[in-house]
Amino acid sequence: MHANFDLIELLPMTLPTFDEIVIPNDQTEARREHLARFVELVGNAYPSKFERSALSGNEDTISNLKAFAPVADAAKEMADVRATLEPGARPPAEIKDRLNETLKTLGTVRIAGRIATPIRGNFVHLTDGREKLQIYAKKGQFTLARNDGEADREAESAWEAWQILDHGDLVGVEGYLFVTNTGEVSVHVERLYFLSKALSPMPDKMHGIEDAEIKQRQRYLDLIASSLKVADADDGLSTRETFEVRAKAISSLRRFLEDHGYIEVETPMLTAKATGAAAKPFKTHHNALDIDLYARIAPELYLKRLLVGGFEKVYELNRNFRNEGISYKHNPEFTMLEFYCAYMDVNGMMDFCEEMIRQSVLNATGGLTVKYERNVIDFGKFRRIRMRDAVGNKAAEHNDAELLEVFENEVEHTLVEPTFIIDYPKSISPLSKASPTNPQIAERFELFINGMEVANGFSELNDPREQYERFRDQAEARERGDDEAMVLDEDYVRALSYGMPPAAGIGIGIDRLVMLLTNKHSIRDVILFPHMRPERRQEESEEGETE
RNA sequence: GGUCCGAUAGCUCAGUCGGUAGAGCAAAUGGCUUUUAACCAUUGGGUCCCAGGUUCGAGUCCUGGUCGGAUCACCA
């Protein structure tokens, strides 16, 4: 196939070469040459650190510096002045000079970031991934710091370095803040540091990365693209902003739980039995023990063992794994928040859940209403509807399984506003306590928003004998071919026999909640690295036709 | 797994009836050097996803495959 095929055969394995991974072309050739020249100029093109200044009171990231009052005020004043000018006209020199006086008294600033625009003349923008700040370099007015401890390169070499910087390189600069003739707050570079090389070219500055496959496989590139985009003809959150909202929502949930006395725990992800939910597991093998293990489908039974042990309020926020279909709302691994509270029942849990989600929406988005697709979702008030009422007048004609099916097919997708569906049939709720007034009904709810199930909670069944019988019913269903029926966990029954306090618990699908908060229509848009088929190189796909 | 759609330069995309592979951005070279996505000029850059077929001739038509997207089914 190739001339050097025999040579490749001699290698212990067919390791791809560097050039097969970072494919050379006219773009990358230039960058490789520039890198080689930087090694000559600064000694080490990949230094270990760069210390940023702290004029803003915190480390001067570009975002922090731009938010720092004197900088923000100067930018604001210039923007106001510019708004009154003809396009292309320059702001009055008096204002500019006054602002420059103020900015200069702040002293020397040291910032770092990625070169966000192609070098054109003396100006370039740096980005910290989030905000951009312009820097200005004038031949003869700055030096190039060496990364090997030697004295700086002087003007001539510094200017050469400036000219061979590539779009995407990481640099640090030392200098002073000033306002340009056109009124943009910038850093006048006095010392330039080369910090790291972009050997691969940057995405299009206007369009970014459009290919959904590349966005997901190479999320780093998607994130870079969103930080480099020039015009925010913004319809929707950038990738960066989406994951910032996700982080805020999660930290708000954690804070809410901790403020209410919950402690975070971690329970096994690899377990001998996959139970605690109705789902198919991933199977793996432990070599030393020579036993099969399963990736957990839910932490539920472990968390309730902790209630038995005396932890009254516990939560776990982590991944579950289910070996099932992939869809816009299903990823094989997904993030679930589960928590349990002793001495609380299903109604208390609904109240608590409602308030917690409301806080999270507020903290993540700044408001209580969220635009999603064509709907406006109001998190101000959650409805509560009995399942039989939701299904309507046909409810009486159906048994439990049929009722659930009618609900899922005809009602679920209509539940746009946050809605707790309550009074689930007991037969489909094997871990849930039965209602004291109606033994066919479980003290259980599910929360639906925009037609998606977001949470599932109930009064926890704590009678060990009844729990055993529920498991036994599940085992019979399994015998009949229901391969998602729940598996008996003997130790869990044993744990309950020591006495578990009355308690309520809930699981909240974090990815789905984040979809709602970010107006994303695919779970893959709110998971940084969603599951994808492995990427195969050409040679492999030609040889590996053994399916 | 079913159905529909897609894959062309580093990126974003055109490509007519089957007849020499195109643009913008990005890159290189030179000019400019307080500019605001796009300054001026010149130049280079292609496995048209892969394999096969039809044809004098395939980016284009046909078959199979790979990967992805949308949607349906199951699941949270």
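Below, all heavy atoms of this structure are taken into account, side chains as well, without hydrogens, waters or symmetry copies. In the text below, chain A, chain B and the rest are named by the order of the sequence lines, each starting its count at 1.
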Remember a base hit wins even if backbone is also touched, and classify [X] as base, sugar-phosphate or nothing at under 4.0 Å, heavy atoms.
X        : result
A:Asn323 : nothing
A:Ile23  : nothing
A:Lys139 : nothing
A:Gly507 : nothing
A:Glu184 : base
A:Ala277 : nothing
A:Asp211 : sugar-phosphate

What interatomic distance, in whole Å, is found between P of B:rA58 and the corresponding atom of B:rU20?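 Taking atom P in both B:rU20 and B:rA58, they lie 12 Å apart.
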How long is the gap from CD on A:Glu338 to CG on A:Asn320, to the nearest 0.5 Å?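 So the CD of A:Glu338 and the CG of A:Asn320 are separated by 6.5 Å.
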Quick check for you: to the nearest 0.5 Å, what is the distance between A:Glu300 atom CD and A:Ile506 atom CD1?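 Answer rounded to 0.5 Å: 11.0 Å.
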Do the side chain of [X] and the main chain of [Y] share a donor and acceptor less than 3.5 angstrom apart?
X        : Y        : answer
A:Asn25  : A:Thr28  : yes
A:Thr117 : A:His125 : yes
A:Arg512 : A:Glu453 : yes
A:Arg524 : A:His531 : yes
A:Asn519 : A:Glu373 : yes
A:Glu460 : A:Gly505 : yes

Between A:Arg512 and B:rA76, is there a side-chain N or O to OP1/OP2 distance below 4.0 Å?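 No, because none of the side-chain N or O atoms of A:Arg512 sits under 4.0 Å from OP1 or OP2 of B:rA76.
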Considering just the side-chain nitrogens and oxygens of A:Arg322, establish if one lies under 4.0 Å of OP1 or OP2 belonging to B:rC74.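 Result: no.
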Nearest-neighbour nucleotide for the [X] side chain, [options] considered:
X        : options                : answer
A:Phe334 : B:rA76, B:rC11, B:rC67 : B:rA76
A:Glu213 : B:rG69, B:rU35, B:rC67 : B:rC67
A:Gln216 : B:rA76, B:rC67, B:rG69 : B:rG69
A:Glu210 : B:rC67, B:rU35, B:rC13 : B:rC13

Please tell me if the side chains of A:Ser186 and A:Leu177 come closer than 4.5 Å, counting only heavy atoms from C-beta onward.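 A side-chain contact under 4.5 Å is absent here.
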Residues within residues 406-420 of chain A bordering RNA chain B, heavy-atom distance below 4.0 Å: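 By residue number: none to list.
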Show, in sequence, the C-alpha distance, side-chain angles and deciding distance for A:Val416 and A:Asn450, and conclude whether the side-chain contact (heavy atoms from CB on, under 4.5 Å) test is met. CA-CA 4 Å; A:Val416 174; A:Asn450 203 69; 4.0 Å; yes
I need a per-nucleotide contact map over nucleotides 22-34 of chain B, read 5' to 3'. Cutoff is protein heavy atoms under 4.0 Å; write B for the base, S for backbone only, - otherwise. --BBBSS----BB
Dot-bracket encoding of pairs in RNA chain B, which uses [ ] for pseudoknotted crossings and | for another strand, Watson-Crick or G-U under 3.5 angstrom: (((((((..((((.....[..)))).(((((.......))))).....(((((..]....))))))))))))....
Picking from A:Phe382, A:Phe420, A:Tyr424, A:Phe352, what satisfies ring-ring contact (aromatic ring centres under 6.0 Å, His included) with A:Phe445?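 Exactly one option meets the ring-ring contact (aromatic ring centres under 6.0 Å, His included) with A:Phe445, and it is A:Phe420.
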Please compare A:Tyr328 and A:Val454 by the position of their nearest nucleotide in RNA chain B and report the one closer to 5'.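 The answer here is A:Tyr328.
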For A:Ser522 and for A:Ile326, find the nucleotide of RNA chain B with the closest heavy atom, then tell me which residue's nucleotide is more 5'.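 Mapping each residue to its closest nucleotide by heavy atoms, the 5'-most match is A:Ser522.
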Relative to the ring of A:Phe194, is the ring of A:Phe38 parallel (under 30°), tilted (30 to 60°) or perpendicular (over 60°)?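 The rings of A:Phe38 and A:Phe194 lie parallel, inter-plane angle below 30°.
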Whether the side chain of A:Gln134 and the base of B:rU35 hold a donor-acceptor pair under 3.5 Å is what I'd like checked.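 Checked by distance alone, the answer is yes.
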